Amino acid sequence: MARFIDELKRSHRCGELRLDHVGQEVVLFGWVHTYRDLGGCVFIDLRDREGITQVVFEPQVNADTHKVADTLRKEWVIGVRGKVRDRGTMRNPKMDTGDIEVTGVELMIFNQSPTPPFEIEDDPRTNEELRLQYRFLDLRRPRVQKLFKLRHNVAQATRRYFDEHGFLEIETPMIVKYTPGGARNFIVPSRLHAGQFYALAESPQLYKQMLMVSGFDRYFQIVKCFRDEDLRIDRQPEFTQIDVEMSFINQDDLFGMIEGLMVNIFKAGLGVDLTERYPGGKFPRLDFYEAMEKYGSDKPDLRFALEHTDLTAITVEHEGGGIPFFGDVAQKFKNGEYRLDLPEAIIKALVIPASAGFSRADVDAFETVVKQNGGKGLARAKVAPDGTWTQSPFKKWATDAYREAVNAQTGAQPGDTILFQVGPEARVHVIMANLRVHIAKKMGLIPETGSGGDWNLSWVVAPPIFEREEDGGWAAAHHAFTRPYDEDLDLIENDPGKVRCYRYDLVLNGFEIGGGSIRLHDPEVQARVFNTLGLDGEEAERLFGFLLKALRYGAPPHGGIALGLDRIAMLLGETNSIRDVVSFPKTQKATDLLTDCPDPVSDDQLADVHIRTVIPKKD
RNA sequence: GCGGUGGUAGUUAAGUUGGUUAUAACGCCGGCCUGUCACGCCGGAGGCCGCGGGUUCGAGUCCCGUCCACCGCGCCA
């Protein structure tokens, strides 16, 4: 019978003890955070997931215990029995438990530890590669443990909220049929069916729609999803969605339900009351086209303005305004090669106010951002007191009329600098959107990372249902089962690019934290959508037959959304990396440095699943 | 697939025009110390300069290749 664990049970967590506990005998378990050996007495900061308590070992209390305490080193795991004592004049106001200490009477060393490769401290001075190799140590950092507690609180608030609103949590398969389109799937070979494959679910999308047909009415699930795509700072190959679907609702009903969820999540995660900022808990809605025009992004950060100005129309009007390259573009619009309503190329501007106080060199540096986003360069013009342009490649070209028109359109004042981008629409938008955020950070309008205490939520609504493919055909901008706006139905055949749909994204401080749609349950409209996509009935049947069949058997009107739990935890946790809120994350090349994965498997294992590998040779 | 940044003691970094034995701080080890809490003081150990080629009398430094990590573009309905 071991003395500690079997007889002496943990009485408190480290971080819990206060002046109220003075005089009590306590038993604490934890890791040695630091030790300070003063010769006569030994101080230990003992750490568990709830905090740190100072334990002092003195020879006059127990000479044997003191002798053992003398050998303790960082990250050893110990148990301590002792008495809580008021520190009196020696209190430490920097510690939550700084008013008290525990005098160690009895001590047990459960396990020693080698010197850790980096120190367990909040400020991670060590590079991430090493921290991921020792993720079990990295996770001991108090700040990281707080993030996981936050994530837990968000998840629990979600479950409570949906339960209270009559939702059922239903699990759906992860090993699923491969369906084309969208993200690349991880594939899973079948042992029982030679040469055939499952896919790992990229989302429960199709299943949750079938659950609506089944009559479950309100469904949610906190569920892992898998996508075999390249990673970013806010993307992991496996990630967690709060997946939701509802029947007999419209877009407003769905928004109301999710707004309520977000209010609960913020309350549980941060203690923040969103209804103070958004009376009635309603988030503003931003039209997709307006978002693209003003911010070049379908997930704009609305904590600051710095809006873009589209100069395409006035440039065409001024036939390029005397600027050679603009003239070429304007000509293509004139002769009908480009269309203003579906532009191949656009010209956009962004005004940096004089008050930003940027030097010429500062503005030069913005060109790096442009190039990083695939742009060629960054033309600019500083507005002189008389309205003319200086520091500009356009200085000698631009006609007075064009210059004045641009100044007026952008609202640029003397001292301001106008930045220009011209090129394919999507490229210009990416460049200008990233430039806008970059400049806002440099101007101090938003912090480099984190919210700055500013939680700006909005819905981005009414995007087009179709987007043009390179071959001139049409593809589903999101998925083929999104309900178009009734008033746009006539355009499905005539002008597909203009058909808006009930698709929506929830955006928080420039991050898409969720997206969904009202589903198309009318078979007649569905057929027309397929037709525009170039899918005949047979082809559609082959690809989505199981869903189409289900929808024929009495599908209720329904719609839903999926929220990114990782991203929500990341943002509420004021960290800029999704890896900080994933317990065992993958690197940017999708490897796990801790377990060294992926890994080759044996020929026997491959034979079991009827697979032969072909490794590409490098030349 | 493409572009950018980085890789030097356990860790974080410095390292000049290519030139003697590659520095510092923290950590680690040993000693002293009964009120520390970034404890202090004294002493010590610790290096395949990511890896492989090349140039050179001589390479951490220059050139070529390669690997790893990070950031972005493409991609992610």
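Small disclaimer: the values here were computed from a predicted structure and weren't measured.
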For A:F43, which contact category applies under a 4.0 Å heavy-atom criterion: base, sugar-phosphate, or nothing? base
Base B:rG35 paired with A:E101 side chain (donor-acceptor, <3.5 Å): yes
Spacing of A:Q588 atom CD relative to B:rC76 atom P, expressed in whole Å: 17 Å
Students often get this wrong, so: under 4.0 angstrom with heavy atoms, is A:R87 touching a base, only sugar-phosphate, or nothing? base
Among B:rU12, B:rC39, B:rC70, the one nearest A:E128 by side-chain distance: B:rC70
Just call it for A:P116: base, sugar-phosphate, or nothing, with non-hydrogen atoms closer than 4.0 Å on any strand. nothing
B:rA69, OP1 or OP2 - any side-chain N/O from A:R131 closer than 4.0 Å? no
Need one value for A:D230: base, sugar-phosphate or nothing, where a base atom within 4.0 Å counts as base even if backbone is also close, heavy atoms only. base
Is the A:Y485 ring parallel, tilted or perpendicular to the A:Y502 ring (thresholds 30°, 60°)? parallel
Nearest-nucleotide pick for A:Q60, side chain only, options being B:rU36, B:rU34, B:rU12: B:rU34
When all nucleic acid strands are considered with a 4.0 Å heavy-atom cut-off, which category describes A:L130: base, sugar-phosphate, or nothing? sugar-phosphate
Within the pair A:N127 and B:rG6, is there a side-chain N or O less than 4.0 Å away from OP1 or OP2? no
B:rU55 to B:rG3 separation - C1' atoms, rounded to the nearest Å: 29 Å
Under a 4.0 Å N-O cut-off, is there an ion pair linking A:K67 with A:D64? no
If you measure only the distance, is there a donor-acceptor pair under 3.5 Å linking the side chains of A:Y295 and A:D301? no
Whole Å only: how far is the CG atom of A:D234 from the P atom of B:rC76? 15 Å
Go through B:rC73, B:rG35, B:rC71 for me and flag the one nearest to the A:V430 side chain. B:rC73
Using the P atom on both, measure B:rU8 against B:rG52 and round to a whole Å. 15 Å
Under 4.0 Å between a side-chain N or O of A:N373 and OP1 or OP2 of B:rG74? no
Per atom distances to the A:P59 side chain, the nearest of B:rG35, B:rU34, B:rG74 is B:rU34
So if I take every side-chain heavy atom of A:R227 and compare against B:rC29, B:rG35, B:rC76, which nucleotide ends up nearest? B:rC76
Once you round it to whole Å, what is the distance between C1' of B:rC39 and NE2 of A:H33? 15 Å
So if I take every side-chain heavy atom of A:Q54 and compare against B:rU36, B:rG27, B:rA69, which nucleotide ends up nearest? B:rU36
Classify the nucleic acid contact of A:E119 as base, sugar-phosphate or nothing, counting any heavy atom under 4.0 Å across all strands shown. sugar-phosphate
Just call it for A:G40: base, sugar-phosphate, or nothing, with non-hydrogen atoms closer than 4.0 Å on any strand. base
side-chain N/O A:K94 vs B:rA38 OP1/OP2, d < 4.0 Å: yes
Any salt bridge (charged side-chain N to carboxylate O under 4.0 Å, His left out) pairs touching residues 47-61 of chain A, not counting sequence neighbours? A:R47-A:E75, A:E50-A:K149, A:E58-A:R85
In whole angstrom, give the distance that lies between atom CD of A:Q236 and atom C1' of B:rC70. 13 Å
Counting Watson-Crick and G-U wobble pairs only, both distances under 3.5 Å, name the nucleotide matched with B:rC70, or none. B:rG4
Of all the choices, B:rG27, B:rG35, B:rG72, which nucleotide is nearest to the side chain of A:I233 once you look at every atom? B:rG72
A:H33: ring-ring contact (aromatic ring centres under 6.0 Å, His included) partners, not counting sequence neighbours: none
Starting from C1' on B:rG27, measure out to CD1 on A:I120 and report it in whole angstrom. 12 Å
CZ of A:R125 versus C1' of B:rA38: gap in Å, rounded? 11 Å
Of all the nucleotides listed (B:rU34, B:rG10, B:rC28), which has the minimum atom distance to the side chain of A:L38? B:rU34
With a 4.0 Å cutoff (strictly under), does any side-chain N or O of A:R36 reach OP1 or OP2 of B:rC39? yes
Hey, is the side chain of A:T591 poking within less than 4.0 Å of OP1 or OP2 on B:rA69, counting only N and O atoms? yes
Here the gap from A:R73 atom CZ to A:Y35 atom OH, rounded to the nearest 0.5 Å, amounts to 3.5 Å
Quick one about A:N576 and A:T449 (side-chain donor to acceptor, distance below 3.5 Å, no hydrogens or angles considered), yes or no? no
Return yes if a side-chain donor-acceptor contact under 3.5 Å exists between A:R483 and A:Q251, otherwise no. no
May I have the distance from A:R579 (atom CZ) to B:rC71 (atom C1'), rounded to whole angstrom? 9 Å
Looking across every strand, which nucleic acid part, if any, lies under 4.0 Å from A:R73 by heavy atom: base, sugar-phosphate, or nothing? sugar-phosphate
OP1 or OP2 of B:rA69 sitting under 4.0 Å from any side-chain N/O of A:T587? yes
So, does A:R47 get its side chain near the phosphate of B:rC37, meaning an N or O under 4.0 Å from OP1 or OP2? no
Taking N and O atoms by type only, does the side chain of A:R85 place a donor or acceptor under 3.5 Å from a partner on the base of B:rG35? yes
Have a look at A:E121 and say if it touches a base, only the backbone sugar-phosphate, or nothing, with a 4.0 Å heavy-atom cut-off. nothing
Could you tell me whether the side chains of A:Q241 and A:S203 share a donor-acceptor contact shorter than 3.5 Å? no
Distance check needed: B:rC70 C1' versus A:K589 NZ, whole Å only. 10 Å
Let's test this: given Watson-Crick or G-U wobble pairing with both distances under 3.5 Å, identify the partner of B:rG27. none
Heavy atoms from C-beta onward define the side chain here; which of B:rC33, B:rC76, B:rC68 lies closest to that of A:D37? B:rC33
Nearest to the A:Q372 side chain among B:rC73, B:rG35, B:rC71, which nucleotide is it? B:rC71
Look at all strands and tell whether A:Y35 reaches a base, only sugar-phosphate, or nothing, counting heavy atoms closer than 4.0 Å. sugar-phosphate
